[in-house]
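Report on one structure; see the data block that follows.
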Amino acid sequence: MNSESMLQVKKISAHYGAVKALSQVSLEVSQGEIVCIIGANGAGKTTLLNVISGLHRASRGEVILKGGALPPGRAAKAVARGVVQCPEGRQVFAPLSVMDNLLLGAFLRMKKEKARVEKDLKQILEIFPILEKRKTQLAGTLSGGEQQMLALGRALMSRPKVLLLDEPSLGLAPLFVKEIFRIIASLPEQKTSVLLVEQNAHAALKTATRGYVMVNGRITQSGDTTMLLHDKQVAEAFLGAK
Ligand code: ATP
């Protein structure tokens, strides 16, 4: 194993009943690295994140965090070990305030690390000035882009070792897209490793250092993002080149 390896996915296959969604998927994320997975609708990207975070049980293969296997299909265990998923579609707690949503992200460590949680909250509000402005507002009253920021802020409040991001730019106005990728690019400074799933392939490849291409539940290509950005097949399939 690579000594800096944070997350290893080894030969994962997954099904929904008789439908095979993933075939022998393997990938790796090093400590403090941003890795992206690009692929069309239905390629299996969300399923892969759900397998890693324990929300979906793989039929084969294993997920390894810092050299130790994660128990399959056990989402609470994965969170406790530092693997946190920020799902597609925001999913904030609409009837709670922005502040309470953020504090819920730190729920597991609230008792033991109260002072640290307060410090982290301050930092998150600095990273996301819009959340500072809206902190007493109910989450359900925020705009789509603001809710996306909140979902990311809440995930960061749990101080993840590995953050799994599912389509963070989906449906956002261009200004928010730029802002969210700026924040993602800064995460390695906080020692967070990121596995980023995106249909906005251009932004994903610009933000990550390595990438994997997924087609019909399989990894078909992988490598440095500079190489993938200049690859003819990737350009034609995902970057709108002719
Ligand atoms: P998208 O970007 O549209 O979310 P994706 O790359 O994340 O696509 P998945 O959502 O992982 O792809 O879907 C992979 C395959 O599994 C698809 O064929 C999809 O139809 C199927 N699938 C996903 N969820 C279910 C489910 N709950 N039941 C049955 N089939 C499913």
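Values below: all heavy atoms of this structure, side chains included; hydrogens, waters and symmetry mates excluded. Both ligands and their constituent atoms are indexed starting at 1 by order of listing. Just so you know, residue 1 is the first one in the sequence shown, and it goes up from there.
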Output for pair (M149 CE, I127 CD1), nearest 0.5 Å, gives 11.5 Å
Closest approach of any protein heavy atom to [atom], naming residue and atom:
atom	value
atom 15 (C) of ligand 1	G42 O, 3.7 Å
atom 12 (O) of ligand 1	G44 N, 3.1 Å
atom 31 (C) of ligand 1	Y16 CD1, 3.3 Å

So if I count the atoms of ligand 1 from 1 in the order they appear, which ones are less than 4.0 Å from some heavy atom of [X]?
X	result
E167	2 (O)
A40	6 (O)
Q199	2 (O)
A43	5 (P), 6 (O), 12 (O)
T47	9 (P), 11 (O), 13 (O), 14 (C)

Side chain to side chain contact (heavy atoms under 4.5 Å, CB included) filter on A155, not counting sequence neighbours, yields V84, C86, L163
Charged N to carboxylate O under 4.0 angstrom, E118 versus K122?
-> no
By salt bridge (Lys or Arg N to Asp or Glu O under 4.0 Å), E62 pairs with (sequence neighbours left out) none
If we only consider heavy atoms of G39, is any one of them less than 4.0 Å away from an atom in ligand 1? no
Is there a heavy atom of G17 sitting under 4.0 angstrom from any atom of ligand 1?
no
Of I37, T46, L49, the one whose closest heavy atom lies nearest atom 10 (O) of ligand 1 is T46
Exercise. Flag V19 as yes when one of its N or O atoms lies below 3.5 Å from any N or O atom of ligand 1, and as no otherwise.
Key: no
Q. When only distance counts, is A21 in polar contact with ligand 1, meaning an N/O pair under 3.5 Å?
A. no
- Between the side chains of E28 and S5, does any donor sit under 3.5 Å from an acceptor? yes
